[in-house]
Every structure is written in C-alpha cells, then in structure tokens.
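Only one structure is covered here, and it is reproduced in the block below.
Values reported hereafter were calculated over all heavy atoms of this structure, with side chains retained and with hydrogens, waters and symmetry mates removed.
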Amino acid sequence: MRFLLVRDGTGTIQAVVFKGNVAPEVFEAVDQATQESSLTVTGTVKEDSRAPGGYEMDVSHCEIEQIAGDYPITPKDHGTAFLMENRHLWLRSSRQHAILRIRHEIIRAVRDFYDDNGFTLVDTPILTPAACEGTTTLFEIDYFGEKAYLSQSGQLYNEAACMSVGKTYCFGPTFRAEKSKTRRHLMEFWMVEPEVAWADLDDIMKLAEDFVSYIVQRVLEERKEELERIERDTAPLEKIEPPFPRISYSDAFSLLEAKGTETPRGSDFGGADETILSCSLDKPLIVHRYPKDIKAFYMQPDPEDSGFALCMDMLAPEGYGEIIGGSQRIHDADLLLERIREHKLPVKAFKWYLDLRKYGTVPHSGFGMGIERVVSWICALDHVRETIPFPRMLYRMYP
RNA sequence: UCCUCAGUAGCUCAAUUGGCAGAGCAUCCGGCUGUUAACCGGAGGGUUGUAGGUUCGAGUCCUACCUGAGGAGCCA
C-alpha cells in the first residue's frame, strides 16, 4: 500500500492506495510519485482514526500529471536565505498557505469595513510628479524625460477626493527607498488610507480603533483554522475591541523617562521605546499630539499648544509597534502655505493641494495603515517578509 | 552608511590546540509496509564564498572583497 498526502488549495488529505484496489499500472505510477508531484485522484472519503485529521481517501483511480524531481524544500529545517530564494515554492508550504489566506481575509475586512460605512473607494496614482517630503525616500523613474516618483502615500490625492465624496479610502501599493533593514520594513508595501471630511483628531482615533477591532474579530471568526495551523495564541487577539487606551506624546515620554530611556524629549521614539510602549498593554495604544517639528508639514497644530500637532500613531500590542499613523490636516490656506515654505517644498508643485483650501475648505482627517505590519501582528510573525507573497526588501528582489 | 555574527555535499549542520573533510535528510538502487519528518541495507555526491598571505601543514590564523542574517541609524 502507498500513502499520498494530497492537497488542492483548500486543504490537505491523506490518500491511501491499496495494491489490490487499483490497476497494477496505477499502483506502479503511484509508486513513482515524489514530493510535489501533481496528480488527479478519485476515491471514497471515509473516517479513519489512523489518518491525520481523522479522514482519508480510499483511492480507486489515480492519474499522474507530472512527476516532480528534486523539490528543494523538504520537510526538514531550512534557513531563511534559502527559503527566500525559493519563495515561489515556499508559498506551497502549509504555514505560508495559511498566512496568505489570513492576509486575504484582512484585505477583505478592510474593504468591507469602509464599503459598509459609507466610504467611497477612490484610487490614487502610483506615479507622482513631485516629492512631498524630499526625494531621498522615493524611487525615481524616468517619465518621458521628466522625473517621476513611485508613490509613498495616496494621502494628498485622498484629501482632494474626500472633498468630493466626503468619506474616501484608497488601498494600494506604496514604495519607499529607505535603506531600512529591520523586521518591520519593506521597500514595497500595501497601505489603506481613509480620509474623512469634517472629521477631527478624535473622530479618526475612534475610526481607527473601530477599524482595527473589526479586522481582528473578522480574522478570528473566518480564519480560525489557519490561526490554529500557524499556532497563533488567539487569547490576546480576543481582547482587541474598542476603546483603545490613548496617551499623549508628552505623557508617553514621561513614562519612558521613568523607565530610563536615553532618547531626548522632543525627538521621535526609538525602536526600544516603541517596544516598551507596545508591550505595556494588551490592546493597541494610541499615542497622540507629537511635537510638530518631527512630523509632516500638513498636520494641524494643536490649538492648546502650537508646538504639537494633532496627529496620532497606533502601536500594536505584543511588541509589534506602529501600524497606523494619521492626523488632522491643515485646512487653512495661509497656514498651509506657510508650512510648505518652512519645509522648503516647491510651492508650485503644491498649487493643486493649496486649491483644496481655497475653495470651500473644511477640517478633515485621515490615517494610513500598513497591511503587512497588521498581518505580521495578527499572525505573530517575527518578520514582515512572510506577510506578502513576494517581498521587496533591501538587497533582495528575487524571485 | 555603521556595528555584530555567519558562509563546509542539493538542504540542515559537525570537524578537539593548525594535523586523514564527516553525519542526518534529500537523490539513486534493493528490501519492508497503516505510514504520520517511517524503518533496514547499499551507492553516488566537495575548488570548505572569492583572491591573497602566514605555516612543514589552513575548513580552522591574518588581510581585502563578495554574499547572507541580526541590530542601529533612517523611516508618508
């Protein structure tokens, strides 16, 4: 007799071929099958306590499509470099299969959340003419003799769209040319960005916590089996529901200083600081009102202290760190122009962006959430490279 | 860009103080058969990342470079 572990993309089952139950040439063909060979099996599924999963297929016929030779990935241990080199095959492994399915569920939840809450999806461009924040972090390309850049955010275009449809979101790939080599960075990643007219900082903090909770609960409901297969402890995820704790940058810094951080007050948190904050609670933590000098030019100043910006980051628990960054945007034309000049940005390139403040401007806010970091957290992975089918990383673009 | 570590068979790894380059898995051949990362017997498989250097002798020590991993910085 022969045992075949077969899969069809939806699951795996053990198929048993008894010598007496099939034609001799069929048994002979099955005998030649190697790991990852492709075939069509016909038979009867029955319960059997000896089979993995409790069920197996008693094979009556089998046709071999192709005999695979020397499949590189064996059931034994492999190193990261080797698996990345064979990413196109690694995707077939049960763990990677489960992660792909969870990623898909997260993306479905993202779309459903906004679609069901009155948001209109407006696609923003990937090719953009000007750099918003300097060119060092952007991939530059030749656009018929002109310089163009791969988008690192759809936000500015989102702001235009939300003045048309009120509540909008975009979801697509974003790019950055940062030479970051950490477990949380990719050169190409997917980001979802909602933008809401008439919303202030408090409104989008609420939106963000509702959104993240919805995603987590949806994965818990729909991808239980996959979470089990990757051995994700779901107890911490079950606690993810609104409201999330909030803390101001200033209070967070006092807390970190009490724990002996060496980061100077007024600068952004270091990796270690973020880890301390994100491990301190069992829900995501919202940190708001960072110093305006370390944040983007378009953020609305805090009316109570203009040294701070009406912005927020959400830090995922269990040490996963920042998954969301957002803010209330400046809606006053004069102030925005002043900030563009302060940041030494080309005013001309922002003419259309300033127009948005010239014609019926309203307060508005939005945020961006990196899909890969959320997948990484929900799946409890130790590196974002496993969250996306074909990661683009510093010094690795194959396969 | 900087710091640390690593690179030996297809894969994962050994190799004592500088002294014969090995094992398991995979592959191939044979046996066995309710197997679960099976078991038993046999076979093939190596320019030890590259280039120099020290030495009677280098996988091992030194120098440079290449590649990878981890971290830092950077990070709408």
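In terms of phosphate contacts, A:Lys179 brings no side-chain nitrogen or oxygen within less than 4.0 Å of OP1 or OP2 of B:C75.
Proximity of the aromatic rings of A:Phe211 and A:Tyr114 is defined here by a centroid distance below 6.0 angstrom, and this criterion is met. Taking the six-membered ring for Trp, A:Phe297 and A:Phe350 have ring centres closer than 6.0 Å. In summary, the aromatic rings of A:Tyr169 and A:Phe113 are positioned with their centroids too far apart to meet the 6.0 Å limit. Annotation: A:Phe82 is not in aromatic contact with A:Trp90 [ring centroid separation under 6.0 Å not met]. For A:Tyr298 and A:Tyr353, the ring centers are positioned 6.0 Å apart or more.
Of all nucleotides listed (B:C74, B:G68, B:G34), B:C74 comes nearest to the side chain of A:His185. For A:His383, the side-chain atoms get nearest to B:G70 when compared with the rest of B:G70, B:G68, B:U27. For A:Arg385, counting side-chain heavy atoms from C-beta on, the closest listed nucleotide (B:A69, B:G34, B:U12) is B:A69. Closest to the A:Pro52 side chain, of the nucleotides B:U35, B:C75, B:U27, is B:U35.
Judged by closest nucleotide on RNA chain B, A:Tyr71 is the one of A:Ala51 and A:Tyr71 placed further toward the 5' end. The residue among A:Phe367 and A:Tyr395 whose nearest nucleotide of RNA chain B lies closer to the 5′ end is A:Tyr395.
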Reading RNA chain B 5' to 3', how would its secondary structure be written in dot-bracket notation, given Watson-Crick and G-U pairs with both distances under 3.5 Å, brackets [ ] for crossing pairs and | for partners on other strands? (((((((..((((.....[..)))).(((((.......))))).....(((((..]....))))))))))))....
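Rounded to a whole angstrom, the distance from the C1' atom of B:C62 to that of B:A21 is 23 Å. A distance of about 13 Å separates the P atoms of B:G10 and B:U50, rounded to the whole Å. Comparing the P positions of B:U67 and B:U8 gives an interatomic distance of 16 Å, to the nearest angstrom. On the C1' atoms, B:G49 is 37 Å away from B:G41, given to the nearest whole Å. The gap from the C1' atom of B:U35 to that of B:A43 amounts to 25 Å, rounded to the nearest Å. Rounded to whole Å, the separation between the C1' atoms of B:G45 and B:C29 comes to 15 Å.
Rounded to an integer number of Å, the gap from CE of A:Met57 to P of B:U35 is 21 Å. The nearest whole Å value for the distance from the CG atom in A:Asp77 to the P atom in B:G10 is 19 Å. In this structure, the NE2 atom of A:His78 is 13 Å from the C1' atom of B:G24, given to the nearest Å. One atom, CG of A:Asp273, and another, P of B:A72, lie 11 Å apart when rounded to the nearest Å. Taking atom NZ of residue A:Lys19 and atom C1' of nucleotide B:C32, one finds them 11 Å apart after rounding to whole Å. Rounded to an integer number of Å, the gap from CZ of A:Arg184 to P of B:C74 is 13 Å. Separating the CD atom of A:Glu36 from the C1' atom of B:U27 is a distance of 17 Å, rounded to the nearest angstrom.
Counting non-hydrogen atoms under 4.0 angstrom, A:Gln14 reaches a base of the nucleic acid. Residue contacts for A:Phe82: at a heavy-atom cut-off of 4.0 Å it reaches the sugar-phosphate backbone alone, with no base atom in range. Residue-level contact check: A:Gly270 touches neither bases nor backbone, having no heavy atom under 4.0 Å from any strand. Within 4.0 Å of A:Asp268, counting heavy atoms only, lies no atom of the nucleic acid at all.
Classification of A:Arg7 and A:Glu36 as a salt-bridged pair holds, one side-chain N sitting under 4.0 Å from a carboxylate O. The existence of a salt bridge linking A:Glu322 and A:Arg184 is excluded, since no basic side-chain nitrogen approaches an acidic carboxylate oxygen closer than 4.0 Å.
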